[in-house]
Amino acid sequence: MEQTQTPVRKQRILSGIQPTGTPTLGNYIGAMRNWKLLEDEYDCLYMVADLHTITVRQEPAKFRQNAMQMLGLLLASGLDPKKSVLFFQSHVHQHAELAWLLDCYTYMGEMSRMTQFKDKSAKHADNINCGLFTYPVLMAGDILLYQANLVPVGKDQTQHLEICRDIAQRVNGLYGNVFTIPEGYYSKVGARVQSLQDPARKMSKSDAEDSFISVLDTPDVIRRKYRRAVTDSLASIRFDPENQPGVSNLLSIISALTGEDMEKVVASFEGKGYGDLKAAVTDVTIETLAPIQAEFARVMKDKKYMEEVYREGAQRAGAIAERTLQKLMKKIGYVAK
Ligand code: TRP
């Protein structure tokens, strides 16, 4: 007897990255690079989260440039637009619409407890706008629109993912099964990359130039930044983030970029000094970034291709998003179009 096989539907992944300037090596290791690894196994949608970005004032020309640059970097880091759906969040109008609907199912109290809101309103005390406050609702909508099963996020976003699940469960409780409840996806190779100047802190592009590597830094700049990176006076190469945070950070970067486990990396430095460690991390960083930078330069010149990618992405994303939006609107009781 012949057996017909029902095709197994791939699990869906949705993630977003804000276009707030050139990403750091930490963003690359922690996010962009992992997105590519998921492309074959999952049904992936990746967006440039440009609606979120205006919670902080942006200079229009720079903002537009940053958004294109981010798309260029996603392509340059190897994402294949035939496999993954790549798009600008602002091109899929359903994001803003769902955010409004979900606002009405979210409580002031829940939003006020978000640590990122507290941090950001302290940092931008002159512009504590409502968007900053409802940011997690927009993000919840991003995820729920696509019925995503998994959401690759960094640690700083787990609270947002939690609130997304709460909102989804609340809506499902009221109207039946509207949304898939998403789970966080935390990559196995989730090396944390710390500041080169203050290794107790996460590497961040809002800190001083010398404290981070940007994915578009030239070899000379990379060399200089690592040369100035903080180590210690213990003169021993061991992975011990507590007592040797600077040295351990450089070791982590090597391990993340070569894919070798830490033990092996540490062993390779037996009898060697900090100069050798810095030379090694410099080499592997330059080697990793060179092909990305070359591809980035190529793709950014091909405006027509970029346009094709983001238009098709918005179309594919929009079709999925519209289904979810209509489903919810019908349940709420809106008159059908
Ligand atoms: N808020 C995320 C960040 O700043 C970006 C983001 C927006 C996102 N929408 C998302 C991430 C949906 C995952 C899923 O990093």
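Read the numbers this way: they start at 1 and go in the same order the structure lists the ligands and their atoms.
The CG atom of Leu71 sits 13.5 Å away from the CE atom of Met47 when rounded to the nearest 0.5 Å. In this structure, CD1 on Ile17 lies 12.5 Å from CG on Asp50, to the nearest 0.5 angstrom.
Residue-ligand proximity, Ala49 to ligand 1, at heavy-atom distances under 4.0 Å covers atoms 7 (C). For ligand 1 and Leu14, the ligand atoms under 4.0 Å from any heavy atom of the residue are 12 (C), 14 (C). For ligand 1 and Val151, the ligand atoms under 4.0 Å from any heavy atom of the residue are 13 (C), 14 (C). Proximity to Val153 (heavy-atom distance under 4.0 Å) selects the following atoms of ligand 1: 13 (C).
Looking from atom 6 (C) of ligand 1 to the surrounding protein, the closest heavy atom is Gly16 O, 3.9 Å. Atom 4 (O) of ligand 1 has its closest protein heavy atom at Tyr135 OH, 3.0 Å. The shortest contact between atom 9 (N) of ligand 1 and any protein heavy atom is with Asp142 OD2, 2.6 Å. At the shortest separation from atom 3 (C) of ligand 1 among protein heavy atoms lies Gln157 NE2, 3.3 Å.
Residue contacts with ligand 1 for Asp156 are absent, since no atom lies close enough (heavy atoms, distance under 4.0 Å). For Leu138, no heavy-atom contact with ligand 1 is shorter than 4.0 Å.
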Show, in sequence, the C-alpha distance, side-chain angles and deciding distance for Ser252 and Asn249, and conclude whether the side-chain hydrogen bond (donor to acceptor under 3.5 Å, both in side chains) test is met. CA-CA 5 Å; Ser252 296; Asn249 187 37; 5.1 Å; no
Verdict with reasoning, Lys202 to Asp156, per side-chain contact (heavy atoms from CB on, under 4.5 Å): CA-CA 11 Å; Lys202 192 176 150 188; Asp156 60 326; 4.2 Å; yes
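Looking at Ser15 next to ligand 1, no N or O pair under 3.5 Å apart turns up. Polar contact with ligand 1: absent for His160 (N/O pair, distance under 3.5 Å). Any N or O atom pair closer than 3.5 Å counts here, and Gln89 shares no such pair with ligand 1.
Using cut-offs of 30° and 60° on the angle between ring planes, the pair Tyr42 and Tyr185 is perpendicular.
A donor-acceptor pair under 3.5 Å is absent between the side-chain atoms of Lys205 and the main chain of Phe212, judged by distance alone.
A salt bridge (charged side-chain N to carboxylate O under 4.0 Å, His left out) with Asp43 is found for exactly one of Arg12, Arg316, Lys10, namely Arg12.
Side chain to side chain, Tyr274 and Asp232 meet the donor-acceptor criterion of an N or O pair below 3.5 Å.
Residues His95 and Phe88 place their aromatic rings such that the two centres sit no closer than 6.0 Å.
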